[in-house]
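Take a look at the structure set out below.
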2 protein chains.
Amino acid sequence: MRLVVARCSVDYAGRLTAHLPLATRLLMVKADGSVLVHSDGGSYKPLNWMSPPCTLLTAPAEGTAAEAGAVETWRVASTKTDDVLVVSVHEVLSDSSVDLGVDPGLVKDGVEAHLQRLLAEQIEHLGSGYALVRREHPTAIGPVDILCRDASGGSVAVEIKRRGDIDGVEQLTRYLELMNRDPHLAPVAGVFAAQEIRPQARTLATDRGIRCVVLDYEAMRGVDDPTTRLF
Amino acid sequence: MRLVVARCSVDYAGRLTAHLPLATRLLMVKADGSVLVHSDGGSYKPLNWMSPPCTLLTAPAEGTAAEAGAVETWRVASTKTDDVLVVSVHEVLSDSSVDLGVDPGLVKDGVEAHLQRLLAEQIEHLGSGYALVRREHPTAIGPVDILCRDASGGSVAVEIKRRGDIDGVEQLTRYLELMNRDPHLAPVAGVFAAQEIRPQARTLATDRGIRCVVLDYEAMRGVDDPTTRLF
DNA sequence: GCGTTGATGTCGGGA
DNA sequence: TCCCGACGTCAACGC
């Protein structure tokens, strides 16, 4: 990784066009050639950047850039699209490189995928006699998180969220509408399962005949067989 | 801005739990106290971070962290939520600070707002005889991007996206439901206009009687009268 | 301050 | 590889 602090202006052309006036910024060049332009505020998002795969070419400034006071021009071009980032470097305040090696990567816990896996393994949380049919059941408008059958053999579509919001109820409603048009599947009941269900979402779901189930992630994880865990 | 290259491990607890094993990384501390943990790959998103407003406390490592070889512990806590980021620094390879000042900020072109302005000016892209009524037509649940009339005088609500996705179709559907309840306006037809329309979004739109129109931004911009441009 | 919407979104998973 | 939905989404704008 190369870290350059420099007074510079930046232009991006690609999916949109963007310009950064002359100011002092941090230029981060990663090992894969990607470039990040950071200011001393904002959030974790750079002011401007080029994602890998891309190539970085540096050359002495020429033409209008040189006339404006630039000493060096960086041209970062995406190798997949015609996106291009041009950095006009006016003054380098510091320039250092360091070898970081390959990062072992992030280990996450508590996301929706785990909830889905746990509920699929412990489908009895929905009620006695429930049986899993499949996860990610495909439909024309997207996959249903879990398809299962209740004690009487009726089809049940389950939408899982960490936080149950109105959006999730809308999503499940779309699936149910579509699936209930399929004579092989209909009638399909709906279950909205989440660690936490917002009052508005619960109201909407209930109004549409969708059952709400609150999941206890910690308890479900406790029951979970550690040999089948992702980590 | 402070830039520290260090061998470290990182733990985050908040909306999820995440852990980064010991490795060499860049720690970026911005003027507002926010912290970014970058590796030498990935994209512009850090491996882990804490957004402002937050506070950073550094102290000599203690307990299990010290036993594991850490010399210093950074505790970055959000001042609004109970999110916390803990960096266990094992070895500092470099540590430097620089004053960047305030950034003048980014100037953009080519976002949805521009697409909307162009389509309003060139409403004939929807078909012969179309006439603009107004942009950002207000409804109780939000503004409709464009309201216009077709050749026969019927009302048409247009939702514009750069990328047409299911969300956009849902959004337009909500507007149409509401507007069609208004006897002064009904019947209102729907048009989903985007630079690119995803197959599932097209399927859903078509199923709901919403017409899809693909927009060519470059061509529309070419026709654009530069004297009316925003910049 | 809350809610809604857009984003050069980015990221990960399944087909 | 493409397609699609989640995200510690974030950030801007309107009410």
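Side-chain atoms are counted along with the backbone in the values below, which use heavy atoms only and exclude waters and symmetry mates.
Ring-to-base geometry places W49(B) in a stacked arrangement with dG8(D) (centre distance under 5.5 Å, plane angle under 30°).
Distance from the side chain of Q171(B) is smallest to dT5(C) among dT10(C), dA11(D), dT5(C). Looking at the side chain of Y44(B), the nearest of the listed nucleotides dT10(C), dG5(D), dG8(D) is dT10(C). Between dG9(C), dC10(D), dA15(C), one nucleotide has an atom nearer to the side chain of R162(B) than all others, and that is dG9(C). You'll find that the side chain of R134(A) is closest to dA15(C), out of dA15(C), dA7(C), dG8(D). Listed candidates were dC4(D), dT5(C), dA15(C). Nearest to the side chain of Q200(B) is dC4(D). Of the candidates dC4(D), dT5(C), dG8(D), the closest approach to any side-chain atom of K161(B) belongs to dT5(C). In the set dC10(D), dG6(C), dT10(C), the nucleotide with an atom closest to the side chain of D145(B) is dG6(C). Comparing dA6(D), dA15(C), dC4(D) by their nearest atom to the side chain of E159(A) picks out dA6(D). Nearest to the side-chain atoms of E112(B) among the listed nucleotides dG9(C), dG8(D), dA7(C) stands dA7(C).
For the pair I166(B) CD1 and dA6(D) P, the interatomic distance rounds to 10 Å; values are reported in whole Å. Between K45(A) atom NZ and dG9(C) atom P there is a gap of 8 Å when expressed in whole angstrom units. Between the CD atom of Q195(B) and the C1' atom of dA7(C) there is a distance of 13 Å, given to the nearest Å. Between the P atom of dG6(C) and the CZ atom of R163(B) lies a distance of 14 Å, rounded to the nearest Å. The separation between I146(A) atom CD1 and dG13(C) atom P is 17 Å, rounded to whole Å. Computed from coordinates, the L172(A) CG to dG5(D) P distance equals 14 Å when rounded to whole Å. Summarising the geometry, the separation between CD on E136(B) and P on dC15(D) is reported as 10 Å, rounded to the nearest angstrom. At whole-Å resolution of the value, NZ in K30(B) and P in dC10(D) are 14 Å apart.
Checking the phosphate oxygens (OP1, OP2) of dG9(C), no side-chain nitrogen or oxygen of K108(B) falls inside 4.0 Å.
Across all strands, R174(B) comes closer than 4.0 Å only to sugar-phosphate atoms, never to a base (heavy-atom distances). Using a 4.0 Å heavy-atom cutoff across all strands shown, Y217(B) reaches no nucleic acid atom at all.
N180(B) places no side-chain N or O within donor-acceptor distance of the main-chain N or O of A186(B), the cut-off being under 3.5 Å. With D32(A) contributing its side chain and P52(A) its backbone, the two residues share no donor-acceptor pair below 3.5 Å. For T139(B) (side chain) and Y175(B) (main-chain N/O), no donor-acceptor pair under 3.5 Å exists by modelled atom type.
Summarising the geometry, atom CG belonging to D145(B) is positioned 5.0 Å from atom CD belonging to E112(B); distances are rounded to the nearest 0.5 Å. To the nearest 0.5 Å, atom CE of residue M1(A) and atom NE2 of residue H38(B) are 7.0 Å apart.
Each of L85(A) and S43(B) was matched to the nucleotide of DNA chain C holding its nearest heavy atom; the match closer to the 5' end belongs to L85(A). For P199(B) and L47(B), each mapped to the nucleotide of DNA chain D holding its nearest heavy atom, the one lying further toward the 5' end belongs to P199(B).
Classification of R135(B) and E121(B) as a salt-bridged pair fails, no side-chain N sitting under 4.0 Å from a carboxylate O.
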